[in-house]
Amino acid sequence: MPLSIATWNINSVRLRTRIVSRFLRSHAPDVLCLQEIKCINDNFPYKTFRRLGYRHIAVNGQMGYHGVAMVSRLPFLAEERKGFCGKGDSRHLAVWIADGERSIAIHNLYVPAGGDEPDPRVNPKFEHKLAFLDEMKSWVGAGAQRDPMVLVGDLNVAPLEQDVWSHRQLLNVVSHTPMETERLNAISTGGAWTDVARHFVPADEKLYTWWSYRARDWKASNRGRRLDHIWVTQPLRDRLAGIETLSEARGWTRPSDHVPVIAKIGDA
DNA sequence: ATGGTTGTAGGACAA
């Protein structure tokens, strides 16, 4: 059976149960990885997902901020939650699912946004973001080449020139500074990861997954960024069957500022 | 150059 894995920064899962349901009914990914659920574990809308056939649910929630979750039609063989930067933030959740005789690890991440000022000496949030990326590098680097792994999430970095509406104008804007893009590229290169979206969409083609709430008309101005990513390791690379970025979801009622991204992986 | 919006909470703060 081919496998489909989706990632979506939902910006409050409780406020958006309607559009999440709409997405699951129309696209039916096997696994949906959510970021910014903005609730504690007990307040996660379990019933909404179970009714839609997503009976396997793992949550790493937090009061008010951040929080990640994974809902699945396939059972989880194991779960794991990792803390980063010695903080109590809920920014990581991993599950393992069966893949024939083997298993696939799926890591769901929410990288800190980093605040406004792109200077780690004056902005502790940016310093935290860089430290988080450094910790990610040492953590996902080793062993990544051999094991079938998927890494998804809101990485809050748009690494390539065509991942933002204006490379020149965003070079000093948090999410596209060389300090961030160089770190993200070092992580993917060091771990031999394949950026699934760019595996299918040429690097000279604009591709966004996020549009600010602050624009008067997100579609007309189209000042987007590609902050949401799906990466796979070498054992899954040759099985990649497609990517979908659901930009129309930005226009749904009461939307998240991020849209779902779905990767399809063929049989072994 | 600045300000623009959304969410959690019930006042700032994060994004």
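All values derive from a computational prediction rather than experimental measurement. Order of the sequence lines fixes the chain letters, A, B, ..., with proteins taken first and strands second; residue numbering starts at 1 for each chain.
Listed by chain and number, the residues in a ring pair (Phe, Tyr, Trp, His ring centres under 6.0 Å) with A/Phe44 are A/Tyr46, A/Phe49 (sequence neighbours excluded).
For the pairing with A/Glu135, the salt bridge (Lys or Arg N to Asp or Glu O under 4.0 Å) check across A/Lys87, A/Lys82, A/Lys129 returns one residue only, A/Lys82.
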Let me have the donor-acceptor pairs involving side chains of residues 258-268 of chain A, under 3.5 Å, with sequence neighbours excluded, atom names and distances please.
residue	atom	partner	partner atom	Å
A/His258	ND1	A/Asp228	OD1	3.2
A/His258	ND1	A/Asp228	OD2	2.7
A/Asp267	OD1	A/Met1	N	2.7

Show every donor-acceptor pair shorter than 3.5 Å between a side-chain atom in residues 245-253 of chain A and any protein atom, with sequence neighbours excluded, or say none if there are none.
residue	atom	partner	partner atom	Å
A/Arg250	NE	A/Trp211	O	3.0
A/Arg250	NH2	A/Trp211	O	3.1
A/Arg250	NH2	A/Ser212	O	3.0

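Here, B/dA15 and B/dT2 have their P atoms 23 Å apart, quoted to the whole Å. B/dA1 and B/dA14 have their P atoms separated by 27 Å, given to the nearest Å. Comparing B/dG7 with B/dG11, their C1' atoms sit 14 Å apart, to the nearest whole Å. B/dG10 and B/dT6: their C1' atoms are spaced 16 Å apart (whole Å).
A chain of hydrophobic side-chain contacts below 4.5 Å, direct or via other Ile, Leu, Val, Met, Phe, Trp or Tyr residues, connects A/Trp139 to A/Leu155.
In this structure, A/Trp96 has its ring center no closer than 6.0 Å to that of A/Phe76.
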TODO: Encode nucleotides 6-15 of chain B as B, S and - characters from 5' to 3', where the letter depends on protein heavy atoms closer than 4.0 Å: B to the base, S only to sugar-phosphate, - to neither.
DONE: SSSS----SB
Check the interface with nucleotides 1-3 of chain B: list each N/O to N/O pair with the protein under 3.5 Å, or write none.
none

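Pairs passing the side-chain hydrogen bond (donor to acceptor under 3.5 Å, both in side chains) check and including a residue from residues 58-68 of chain A, sequence neighbours excluded, read A/Asn60-A/Ser90, A/His66-A/Arg91.
The neighbour count for A/Arg18 CZ, taken as heavy atoms of other residues, nucleotides or ligands under 6.0 Å away, does not exceed 12.
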